[in-house]
Every structure is written in structure tokens, then in C-alpha cells.
Number of protein chains: 2
Amino acid sequence: MAATRRARTGTRPRLPDARARMITGAIDSLRVHGASATSIDRVLAATGAPRGSVYHHFPGGRTELLGRALDAAGATMSEYIEHLTRTHDPMTALEQFAALWRHTLCESDFRAGCPVFAIAVETNDDAPELAGTAAEIFARWHRALTEQLLRHDYPPARATRLASLTVAAIEGAIVLCRIHRETTPLEDTVTELRVLYTGGQ
Amino acid sequence: MAATRRARTGTRPRLPDARARMITGAIDSLRVHGASATSIDRVLAATGAPRGSVYHHFPGGRTELLGRALDAAGATMSEYIEHLTRTHDPMTALEQFAALWRHTLCESDFRAGCPVFAIAVETNDDAPELAGTAAEIFARWHRALTEQLLRHDYPPARATRLASLTVAAIEGAIVLCRIHRETTPLEDTVTELRVLYTGGQ
DNA sequence: GTCTATACGAAGATAGAC
DNA sequence: GTCTATCTTCGTATAGAC
């Protein structure tokens with residue numbers, strides 16, 4: 001609909017869809033700089049999006065921008081996790097996921113982390129809606145892992161617990177990798193989780 | 001020395017040692033609000049410390065305050081971890097440590113997390129010194145855990161990896177507990193780690 | 001060591017023109 | 001949809017009196 005209007009009026013944005021660019025720019029900033037440091041100015045500077053249309057696209061201002069970024073990042077990551085857990089066995093899925101993170105960490109020179117986790121760590125008083133959304137996203141990941149383990153004959157109690165450990169350990173390891181500027185914590189984490197995934201049930 | 005001068009001049013601060021109060025106030029703020037949100041104003045408001053002496057005690061300003069808070073928090077936590085790992089077997093030490101966190105989480109209504117982790121997650125461009133300090137603290141914890149496992153006859157390679165997983169998983173679980181407002185992720189994490197700590201070596 | 005006052009900049013948000 | 005002010009608040013930092 002924006003396209004038709006553009007064709008009619010002859011106006012044109014600098015790049016396709018400023019709103020979408022702002023959202024992806026916010027996600028990138030969340031990864032690298034965290035929630036508090038993800039200001040409107042920073043997103044605009046990084047994306048070249050027009051300052052004048054921020055409150056047009058996000059009437060709720062900065063909080064709404066962060067919310068839409070969290071929604072988008074959460075959906076993308078959740079769909080990938082659900083895809084992996086449905087098409088692979090638990091250990092293979094975990095290794096695939098870890099490989100993606102290894103790539104993200106190295107490619108960003110250990111600057112980029114998990115945007116959902118960034119909001120989870122920083123959000124407390126302000127924006128309880130963001131905290132709620134982040135909690136739902138983690139719950140979705142936990143559910144995907146639990147169901148996968150159940151399909152592979154893990155007892156329900158163990159499946160839930162192992163899913164909790166997996167989410168906690170991967171997220172924690174990503175932070176350790178960033179701060180140490182090496183992938184060892186992630187490798188170590190996956191290697192040890194392998195014992196639980198392949199060993200006893 | 002401050003006490004003698006106080007006795008001589010007759011002046012007196014509102015409470016003992018403004019500098020120490022600012023540091024503990026900064027640690028509390030780091031726990032609850034994160035690094036970016038830990039402003040000088042917030043620390044002063046929370047502690048009632050005098051605004052006029054901030055740059056007297058911390059010539060480097062906010063960054064130095066955060067640095068001293070990180071030093072203090074890191075030292076306290078490291079000493080406790082080293083105490084636990086020296087006086088208990090691996091599983092008991094882990095459970096003691098988890099019990100402390102369960103208490104901290106519940107008592108703070110799931111608002112307080114780990115101050116070192118908060119800085120690790122948020123610090124990127126600004127203040128590389130803080131990032132370096134945080135990395136050293138995590139390395140110290142990792143070392144304490146590794147040496148404990150070595151003393152309990154774990155092979156070196158496994159000891160290192162299990163120590164990495166433990167640090168990552170506990171830190172990650174604390175964040176999940178905060179965002180979900182329940183201790184289940186921590187309980188699950190410890191229960192599953194128990195398998196690795198007591199099962200195979 | 002502590003106070004007040006103030007300079008300065010960054011950031012969120014609004015108003016009104018185009 | 002986008003632009004240019006502008007307002008306001010907040011946060012860091014400094015200066016100078018007590």
C-alpha cells in the first residue's frame with residue numbers, strides 16, 4: 001500500500017521501507033549495544049532512516065520501536081529453533097544452533113549477542129510489556145526443546161529440565177564468548193551438553 | 001583517618017563513609033537496572049550520598065565509580081566461590097551457590113541479578129577497561145571451579161569444559177529466573193548439572 | 001569533604017510546515 | 001511521510017564557595 005501511494009505521488013524514500021529498516025537497525029543495536037543504549041538517534045544514524053517519520057511508524061515512540069524489534073527478532077529466532085528441533089535429533093539441532101552463534105560471534109568480532117537476552121537483562125521497571133514479551137519468547141524456545149526431547153523418549157521431567165539448562169547455558173555462553181572474545185565457552189558448553197543429550201535418559 | 005579529622009573539625013557525614021555507600025549503591029543498581037541505567041544520579045538518590053563529593057572520591061567520574069563497584073562485587077563473589085570450592089565437593093558447592101542465588105532472587109522479588117554479568121552484557125564500545133575487568137572476574141570463577149574438579153579427579157579437559165558450562169548456565173539461569181519471575185530455571189539447571197557432577201567422569 | 005550553581009550534551013517527544 | 005524546529009528532562013562534568 002505504501003508502494004501504490006509512492007507510485008501515485010512520485011515521492012520516494014531513500015531506501016525501501018524505512019519502518020522495516022528501523023526495526024532491523026534496532027535489532028542490530030540491541031545485539032551490540034544493549035537495550036538502554038539503543039536510542040532512537042542511534043538507530044537513525046545506523047540506518048539512515050528519516051527522523052521525521054519515527055513517530056509516524058511508531059506512535060508509542062522508542063518503547064514501541066523496541067517492542068517491534070523484539071517481536072521480529074523473537075519470531076525469526078523462534079521459527080529457526082522450531083525448524084531445527086523438528087527436523088533434527090536433539091544433539092544435531094543443538095550443534096546447528098551453536099554453529100550459527102559461532103558464526104555470528106566471529107563475524108561481528110564478538111560484538112553481537114542475543115537481542116532478546118539483552119532486553120531480558122536490562123528491562124526491569126520500565127516497559128514491563130517488553131519483559132513479558134521476552135519471557136514469552138524464551139518460553140517458546142523452551143517448549144520447542146522440550147517437545148523435541150519428548151519425541152526422543154526423554155521422560156517429561158527430564159525433558160523440561162534439560163530444555164531449561166540448554167537455553168540458560170547457550171545464552172550464558174554467548175555472553176562469556178563476547179566478553180572473552182573467543183568461542184571457547186560456547187564450544188565447552190555444547191561439548192558438555194552432549195553428554196546429557198547422548199548419555200543417560 | 002576520616003574519623004580523626006571528623007572528630008577534630010566537628011563536621012559529620014550523614015552516614016559512615018560516603019564513598020563506600022556509593023560503591024554498594026552502584027552494585028545494587030547494577031544488579032537491578034543494569035550498567036547503562038546506573039547513573040550517578042540514581043546512585044546518589046538511592047544512597048543519599050552527597051553529590052558534591054562524587055568527583056572527590058571518583059576523579060574518573062561515572063566510569064571510575066562503575067569500575068570500583070565491579071572490583072568490589074567481583075572480589076566478594078570470587079572469594080565466596082573460592083571458599084565454597086575449597087571446602088566442599090563440586091556438587092555441594094554448586095548447590096550452596098544456587099541456594100544463595102535463590103535467596104537473592106526471591107528476596108529482591110526477582111529484580112536483582114549479577115552485577116558482573118550486567119556489565120559484561122552491556123559493555124561494548126565504551127569503557128573497555130570495564131569489559132576487561134569483568135572478563136578477569138569470570139576467568140577467576142572458572143579457575144576456581146576447574147581446580148576443584150581437578151582435585152576431585154576429573155580429567156583436565158573435562159574439568160575446564162564443565163567449569164565453562166557451569167558459569168554459563170548459572171548466569172543464564174539467573175536471567176531466565178528474573179524474566180520469568182520464578183526460580184524454576186535455576187532449579188532445573190542445578191538438577192541437570194548434578195548428572196554431570198555425580199555421573200560420569 | 002561537601003555544598004550550590006551552572007555549562008553542556010544527549011535523548012525522548014511534540015508541533016507545525018511541506 | 002518526511003522535514004525542521006523546539007521543549008523538556010536527564011546525566012555528566014566543572015567551578016567556586018564554605
Side-chain angles (χ1 to χ4, degrees), chain A residues 1-23 25-26 29-30 33-69 122-123 125-127 129-130, chain B residues 1-23 25-26 29-30 33-69 122 125-127 130:
Chain A
M1 69 249 170
T4 59
R5 201 172 312 145
R6 216 177 304 142
R8 275 205 306 273
T9 61
T11 61
R12 84 145 68 101
R14 303 183 195 174
L15 283 172
D17 205 348
R19 183 189 145 95
R21 271 187 302 139
M22 279 188 258
I23 290 177
S29 176
L30 284 172
H33 303 285
S36 301
T38 296
S39 63
I40 295 178
D41 280 6
R42 189 192 290 276
V43 173
L44 293 180
T47 59
R51 151 167 265 99
S53 54
V54 172
Y55 287 85
H56 170 75
H57 294 301
F58 307 97
R62 191 185 94 108
T63 303
E64 181 168 345
L65 170 58
L66 291 188
R68 295 301 79 76
E122 291 185 56
T123 299
D125 300 296
D126 51 290
E129 47 171 303
L130 293 183
Chain B
M1 61 223 170
T4 60
R5 202 172 312 147
R6 217 178 300 144
R8 274 204 308 272
T9 61
T11 61
R12 82 145 70 99
R14 301 184 196 175
L15 282 173
D17 204 348
R19 183 188 146 95
R21 270 186 303 140
M22 277 187 259
I23 290 177
S29 177
L30 283 173
H33 303 286
S36 302
T38 296
S39 64
I40 295 178
D41 280 6
R42 189 192 290 276
V43 172
L44 293 179
T47 59
R51 151 167 264 98
S53 54
V54 173
Y55 287 84
H56 170 75
H57 293 302
F58 307 97
R62 191 185 95 108
T63 301
E64 182 168 345
L65 172 58
L66 291 188
R68 296 300 80 74
E122 291 184 56
D125 300 295
D126 51 290
L130 294 183

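Proteins come first, then strands; the chains are lettered A, B, ... in the order of their sequence lines, and each starts at number 1.
- Across residues 37-44 of chain A, not one residue has a non-hydrogen atom less than 4.0 Å from an atom of DNA chain D.
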Between the protein and nucleotides 16-18 of chain D, which nitrogen or oxygen pairs are less than 3.5 angstrom apart?
none

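- Looking at the side chain of B/Tyr55, the nearest of the listed nucleotides D/dT12, D/dC3, C/dC3 is D/dT12.
- Taking only side-chain nitrogens and oxygens, A/Ser53 comes nearer than 4.0 Å to OP1 or OP2 of D/dT2.
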- Item | Candidate pair A/Leu65 and A/Val54, rule side chain to side chain contact (heavy atoms under 4.5 Å, CB included), full reasoning | CA-CA 9 Å; A/Leu65 170 58; A/Val54 172; 5.7 Å; no
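- Contact record, B/Leu30 with B/Ala69: CD1-CB, 4.3 Å, taken as the closest heavy-atom pair.
- The distance from atom CE of A/Met22 to atom C1' of D/dT2 is 10 Å, rounded to the nearest whole Å.
- Within residues 57-67 of chain A, the residues having any heavy atom closer than 4.0 Å to DNA chain C are, in order of number, A/Gly61, A/Arg62.
- Among pairs with a residue in residues 53-63 of chain B, none fulfils side chain to side chain donor-acceptor pair (under 3.5 Å), at least two apart in sequence or across chains.
- Separating the CZ atom of A/Arg51 from the P atom of C/dA13 is a distance of 12 Å, rounded to the nearest angstrom.
- Taking CZ of B/Arg19 as the start and OG1 of B/Thr47 as the end, the distance is 13.5 Å to the nearest 0.5 Å.
- The side chain of A/His56 sits closest to D/dT2 out of D/dT2, C/dT2, D/dT12.
- The stretch residues 36-46 of chain B participates, sequence neighbours left out, in these side chain to side chain donor-acceptor pair (under 3.5 Å) pairs: B/Ser29-B/Thr38, B/His33-B/Arg42, B/Ser36-B/Glu122, B/Asp41-B/Arg51.
- Smallest separation of non-hydrogen atoms from B/Met22 and B/Phe58: SD-CE1, 3.9 Å.
- Atom-to-atom distance recorded for A/Ile23:CD1 and A/Arg21:CZ is 12.0 Å, nearest 0.5 angstrom.
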